[in-house]
Amino acid sequence: MKNSFSSVAANEKNYKWNNIISRQKPLYSRNNDIRSDFERDYTRVIHSNAYRRLKHKTQVFYSPQNDHICTRIEHVNHVESISYTIAHYLGLNNELTKAIATSHDLGHSPFGHKGEKILDEISKRDVGTSFWHEKNGLYFVDNIELLEDYEGYKQNLDLTYGVRDGIISHCGEIDENSIKPREDFIDLKDYTFPNQFAPYTWEACVVKISDKISYIGRDIEDAITLGILDEHLDKLYDILGNYSGTINNTVIINKLIYDLCNNSTPEKGLCFSEESLELMNKIKKFNYEYIYLSDILKPSNEYFSIVINTIYNTLKNCFDYKNTFNSLHNMKKFYPNLINGFMDWFNNFSITGDRNKLKNNVLFNIENPKDFYFSIILYISGMTDKFAIDTYNEIISF
């Protein structure tokens, strides 16, 4: 019902408020700033390089020649739109949903979920930890992304707890029909696997559901545009039943948003009718069978593995404890763009950088193998599809 969640919204009346707006360290302020905490988070995110790169990262279909096929940044905008609609109707804080939705996929690697899986395999083998984009997104906003302040110093984003929590808690692979926020104000570093904890705010719960509403419909629309579903449309019409004479993103999104808003209460949680939950799960199963696991995607997935592993191994082979920098320098004549780019990036997070202009966290010791391998994984995870391909081509060219 309209405004039925206003009593639990993220605002000054909420008993969690001080935790929600808390930051790991104080954010600099100016006398003429008129923005709220979440508006500051939002603008810090959209000015970050990680956000800008989303326009050249795969959502589902790699390197589409059709300009109207969804990329990662369009997906983020869809989630922001859907979560705004839900939050606004229910009486929740749509400034918070906007900041979470805009930042929720900053940790995605090049080549979509296939790239994520490849980096996870590398990370488990060489670093001993899992790689998953929600955790990587939190690490990026906490440690990697840098903005110049008004004095010219580069600092970390220092987002509020409410937005940081929404990033790592947004895992959209959910089948349960009721989502409520957790009570515990945990250290977000306690996350060890996706979907381990419920989000801390109702707003983050909204983004979590909006993520799923967004992609199941749009992925179908893109697959239809590309002709991938030509032989399977009858099955999809059978799933949708009486909901539509036309299959498109608008129909699916409208149905699910309306149902969610009219079935959710603070007591029951954010939930769909059993009918709509069943519909969503059937669509998701259809997508996996006929889109995500389609044979037509397998050749590109094999290529992604070659590209990422080649870049990773080229840099990994430069590790030589105290002599690592010399080893990197020696490879510049073969791979100048890769080595210069990686070293410039690495120096931002190492004691070797120009600390006179850096006020961010020092992350890496170049003499520590796990630090060095982890830094390569992070560097690759920030690449766009095109930059990864260009880097690979530099490595294999003479």
Side-chain angles (χ1 to χ4, degrees), residues 27 35 38-64 67-81 83-84 95 97-113 115-116 119 133-150 152-160 163-164 166-168 170 207 211 214-215 218 304 307-308 311 337-338 340-342 344-349 357-358 360 375 377-392:
L27 188 60
R35 296 167 297 168
F38 303 136
E39 286 175 319
R40 292 197 74 185
D41 285 353
Y42 169 74
T43 54
R44 291 178 76 74
V45 168
I46 64 172
H47 290 302
S48 69
N49 286 330
Y51 176 78
R52 294 165 178 163
R53 292 192 294 263
L54 293 177
K55 63 180 175 288
H56 295 303
K57 290 195 175 190
T58 294
Q59 174 64 12
V60 173
F61 302 104
Y62 164 68
S63 191
D67 290 337
H68 303 143
I69 300 300
C70 191
T71 61
R72 185 63 58 179
I73 200 165
E74 187 179 346
H75 163 72
V76 164
N77 291 335
H78 288 159
V79 175
E80 191 278 314
S81 173
S83 60
Y84 176 90
E95 287 183 4
T97 58
K98 183 175 184 176
I100 296 171
T102 304
S103 58
H104 83 278
D105 268 356
L106 294 182
H108 256 294
S109 58
F111 313 128
H113 285 282
E116 180 179 11
L119 289 178
H133 78 270
E134 295 94 341
K135 180 181 178 181
N136 194 52
L138 178 65
Y139 196 86
F140 256 69
V141 299
D142 282 355
N143 298 292
I144 301 299
E145 284 304 303
L146 303 176
L147 289 178
E148 282 191 354
D149 62 23
Y150 63 99
Y153 293 105
K154 291 183 179 180
Q155 298 197 40
N156 298 116
L157 296 188
D158 292 324
L159 304 182
T160 59
V163 174
R164 295 173 58 243
I167 293 171
I168 197 168
H170 84 262
V207 174
D211 187 29
S214 170
Y215 74 73
R218 184 53 198 263
F304 303 154
V307 169
I308 290 177
I311 297 171
N337 293 326
L338 170 61
N340 285 325
F342 176 71
D344 288 344
W345 178 88
F346 185 94
N347 283 332
N348 282 326
F349 313 104
K357 283 295 181 181
L358 293 168
N360 61 309
S375 73
I377 292 169
L378 289 170
Y379 184 62
I380 293 174
S381 76
M383 292 181 174
T384 63
D385 298 358
K386 183 180 184 302
F387 188 77
I389 297 295
D390 289 346
T391 301
Y392 171 75

J.: Tell me, do Leu146 and Phe349 make a side-chain contact under 4.5 Å, heavy atoms counted?
T.: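 The answer is yes, as the side chains (C-beta and beyond) meet within the 4.5 Å cut-off.
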J.: Is the shortest side-chain heavy-atom distance between Ile389 and Phe111 below 4.5 Å?
T.: yes
J.: Could you work out, with ring-ring contact (aromatic ring centres under 6.0 Å, His included) as the rule, every residue matching His56, not counting sequence neighbours?
T.: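 Applying ring-ring contact (aromatic ring centres under 6.0 Å, His included) to His56 gives none.
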J.: CG of Asn360 to CD of Gln155: how many Å apart, nearest 0.5 Å?
T.: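 Here the rounded value is 8.5 Å.
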J.: Glu80 and Thr102: which non-hydrogen atoms are nearest, and at how many Å?
T.: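 Heavy-atom minimum between the residues: CG-OG1, 3.9 Å.
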J.: For Asp385 and Thr58, indicate whether the former's side chain and the latter's backbone hold a donor-acceptor pair under 3.5 Å.
T.: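 Checked: pair present.
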J.: Taking atom CG of Leu147 and atom CG of Asn156, what is their separation to the nearest 0.5 Å?
T.: 9.5 Å
J.: Is Glu145 paired with Arg53 through a side-chain N to carboxylate O contact shorter than 4.0 Å?
T.: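 Judged by the 4.0 Å cut-off on N to carboxylate O distance, Arg53 and Glu145 do form a salt bridge.
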J.: Please check this pair: side chain of Ser81 against backbone of Asn77, looking for a donor-acceptor N/O pair closer than 3.5 Å.
T.: no
J.: Check Val45, Ile168, Val79, Val163 against His104 for a side-chain contact (heavy atoms from CB on, under 4.5 Å) and give me the one that passes.
T.: Val79
J.: Between Asp211 and His75, is there a side-chain donor-acceptor contact under 3.5 Å, judged purely by atom types and distance?
T.: yes
J.: First locate atom CG of Leu378, then atom CZ of Phe140, and finally report the distance between them rounded to the nearest 0.5 Å.
T.: 5.5 Å
J.: Name all residues meeting the salt bridge (Lys or Arg N to Asp or Glu O under 4.0 Å) criterion together with Arg35; count only those two or more places apart in sequence or in a different chain, and write none if there are none.
T.: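 Here the qualifying residues are Asp33.
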J.: Please report the interatomic distance CG(Asn136) to OG(Ser109), rounded to the nearest 0.5 Å.
T.: 8.0 Å
J.: Check whether any side-chain heavy atom of Lys57 lies under 4.5 Å from a side-chain heavy atom of Asp105, and answer yes or no.
T.: no
J.: Give me the ring orientation class for His108 and His133: parallel if the planes are under 30° apart, tilted from 30 to 60°, perpendicular past 60°.
T.: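 If you compare the ring of His108 with that of His133, the planes turn out parallel.
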J.: Please walk me through it: do Gln59 and Glu74 pass side chain to side chain contact (heavy atoms under 4.5 Å, CB included)?
T.: CA-CA 9 Å; Gln59 174 64 12; Glu74 187 179 346; over 6 Å; no
J.: Quick one, Leu358 and Asn348 - any side-chain contact, counting heavy atoms below 4.5 Å?
T.: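 Sidechains of Asn348 and Leu358: in contact.
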J.: To the nearest 0.5 Å, what is the distance between CD on Glu39 and CG on Asp41?
T.: 10.0 Å
J.: State, yes or no, whether a side-chain contact exists between Cys70 and Tyr215 at a heavy-atom distance under 4.5 Å.
T.: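 Side chain of Cys70 against side chain of Tyr215, heavy atoms only: no contact under 4.5 Å found.
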J.: Would Lys357 and Tyr153 count as a cation-pi pair here, with the cationic atom under 6.0 angstrom from the ring centre and within 45° of the axis?
T.: yes
J.: Rounded to the nearest 0.5 Å, what separates atom OH in Tyr42 from atom CD1 in Ile100?
T.: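 Separation between the atoms: 14.0 Å.
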